[in-house]
Amino acid sequence: MRGARTLPQRPLAPTAPSRRQLQRPGGAGGSGSRPHRAHPLTDQRENALLIDYEERIKGCFDRIVPLLQQLASLQREPDFSARAQELARAQLGFSLPQFVLDQTWVEGLDMKRLYAWCVFRAYEAMSRDFFGHDPLRGARSHERTAAMGNTLLEQGFHLLDISPCADGRLAHTVSSVLRLPYGLVRRRSHAGAMFDVSRSVKRWVGTEHRRFRESVPNAATEPTSYLKVVVYHFSSRDPSHQGCAAHGSDDAAAAAAGLQRLQDFRQAIENGFCCGASVDLLLIGMDTDTDAIRVHVPAADHVIDLLHWVDGLALYEDSSSLSPQQGRELIAQRVAEACPGQCDEGMQRFIALLLEHNISQIDLVRSHFGGAYSDAGHAERFIGVGIGFKEVHLRNLTYFAHLETVEEAASDLDVGIKIFRGLNVSRGLPIPVVIRFDYSGSIPGARERAIADCERVREAMHVRYGDLCDRGLLHTLLSIRDRDRGEPAETIAMSIPLAPEAAH
Ligand SMILES: [Zn+2]
């Protein structure tokens with residue numbers, strides 16, 4: 001049985017408030033809250049689009065438990081199966097596995113299986129929606145992306161390569177916090193933002209080779225740079241507990257480690273290639289409570305000061321009563337003041353643009369989440385393992401464990417499983433794990449290798465977390481995607497059988 005092709009455009013009256021609604025302390029419409037006055041530099045249209053997208057996608061995940069609770073009370077009714085399907089289609093946008101419903105009269109509803117099934121169907125629907133409709137207007141084909149690409153070239157950058165921490169609270173860094181079209185950005189998330197220098201050098205070589213051979217995005221003779229950005233994070237509300245786990249919630253250590261990794265990358269390029277080859281570097285910190293950024297403005301000679309930055313939140317406050325033009329002038333002034341030497345003009349303009357974009361995001365968090373998210377810690381909906389997940393751009397939706405083999409990222413995975421023991425297993429719900437490998441369809445045999453990678457990781461997870469699998473508390477979906485085509489992810493297998501005869 002296949003689910004519906006798309007998510008419902010609007011949530012249909014859920015029977016219980018969603019997890020996010022429950023967690024929202026001072027959100028819009030909260031009783032007694034003062035009406036929010038938008039900042040003059042806020043892009044209100046973009047904010048409305050982002051909020052609508054978040055509510056639509058996360059809403060689907062968050063309506064699963066209330067729906068299952070509703071089914072639990074209906075399961076003895078004579079027309080249960082038909083009513084259950086009707087409710088699932090109306091509230092989630094897809095059907096439930098019929099044979100699980102048909103077996104209800106024997107053993108009662110298998111809620112663990114149904115829960116995992118629904119999470120996987122919601123993930124598939126999100127992927128179809130993202131690649132089918134470009135809801136964030138960030139695809140390469142979108143005119144907004146092309147315009148921003150030209151702006152970047154004018155500022156002196158032909159490629160943006162951003163490494164945020166893999167923490168689910170940074171999954172929206174590109175599209176929301178920095179407001180950059182995702183199609184322009186090479187995003188590689190790693191625990192603690194500790195990206196792999198050797199793999200980054202390979203990607204740099206590919207980029208420069210393409211400029212040389214095809215003049216894409218511009219000719220190699222043009223004096224533009226490859227810009228590598230690290231985004232570390234911290235928590236303003238609970239700095240010693242809700243910061244970056246990979247750096248012991250020590251934001252100074254997270255920033256220092258990010259800077260060291262950036263410098264190693266530039267050193268690798270300069271040592272390995274001739275003719276003055278180099279890259280530009282940028283270090284950004286992000287407050288996971290307010291989404292405000294702080295930018296360590298680099299000098300033209302690459303000096304980056306760990307102790308000084310432009311504070312996005314202070315800029316928001318200080319420019320809130322200025323005209324848009326005065327606000328932009330203040331941003332430019334702060335960027336120039338924070339530079340520890342002579343500043344590159346293009347870099348200065350790029351940072352000013354990021355800070356202006358970030359004001360919209362700070363405003364969004366203020367208007368819809370009371371200024372700071374109430375889910376300060378982990379509240380992810382599923383674990384994503386492997387390579388890919390280009391469509392995940394929502395905060396706290398996915399805990400990422402980027403890996404090619406379970407062994408290489410066993411500790412990342414163990415952390416994810418521990419988080420979900422608290423989030424799900426403690427409530428009797430299974431841990432949904434999406435194993436995903438993207439591949440290049442133009443490379444012979446790549447699809448088969450991606451499937452084999454999925455299967456290998458699944459087997460390794462079964463060995464490592466056998467107790468959870470045996471108790472039905474860990475379910476897996478195997479998923480691949482051809483990154484050369486704009487197609488959604490394709491499901492290869494699921495630990496929940498599609499029919500009773502397929503059960504094993
Ligand atoms: Zn982190």
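We number each residue from 1, following the sequence as shown. Order of listing sets the numbers, starting from 1, for every ligand and every atom in it. These values consider heavy atoms only, across backbone and side chains, with no hydrogens, waters or symmetry-generated copies.
- Partners of E356 according to the side chain to side chain contact (heavy atoms under 4.5 Å, CB included) rule, which considers only residues two or more places apart in sequence or in another chain, are L41, R328, I331.
- Here ring pair (Phe, Tyr, Trp, His ring centres under 6.0 Å) pairs that include residues 343-365, with residues two or more places apart or in two chains, are F157-F350.
- Ring centroids of F130 and Y182 are separated by less than 6.0 Å, placing the two rings close together.
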TODO: Go through the steps for Y465 and D470 under the test side-chain hydrogen bond (donor to acceptor under 3.5 Å, both in side chains), then give the verdict.
DONE: CA-CA 9 Å; Y465 309 111; D470 293 346; over 6 Å; no

Show me, pair by pair, the donor-acceptor contacts under 3.5 angstrom made by side chains of residues 246-260, not counting sequence neighbours?
| unit_1 | atom_1 | unit_2 | atom_2 | d |
| --- | --- | --- | --- | --- |
| H247 | NE2 | G192 | O | 3.1 |
| S249 | OG | H241 | O | 3.4 |
| S249 | OG | G243 | N | 3.0 |
| D250 | OD1 | A252 | N | 3.1 |
| D250 | OD1 | A253 | N | 3.1 |
| D251 | OD2 | R294 | NH2 | 3.0 |
| Q260 | NE2 | D264 | OD1 | 2.9 |

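- Within a radius of less than 2.8 Å around the Zn ion (ligand 1), the protein N, O or S atoms are C165 SG, H233 NE2, C244 SG.
- Looking only at side-chain heavy atoms (C-beta outward), R137 and P181 stay at 4.5 Å or farther from each other.
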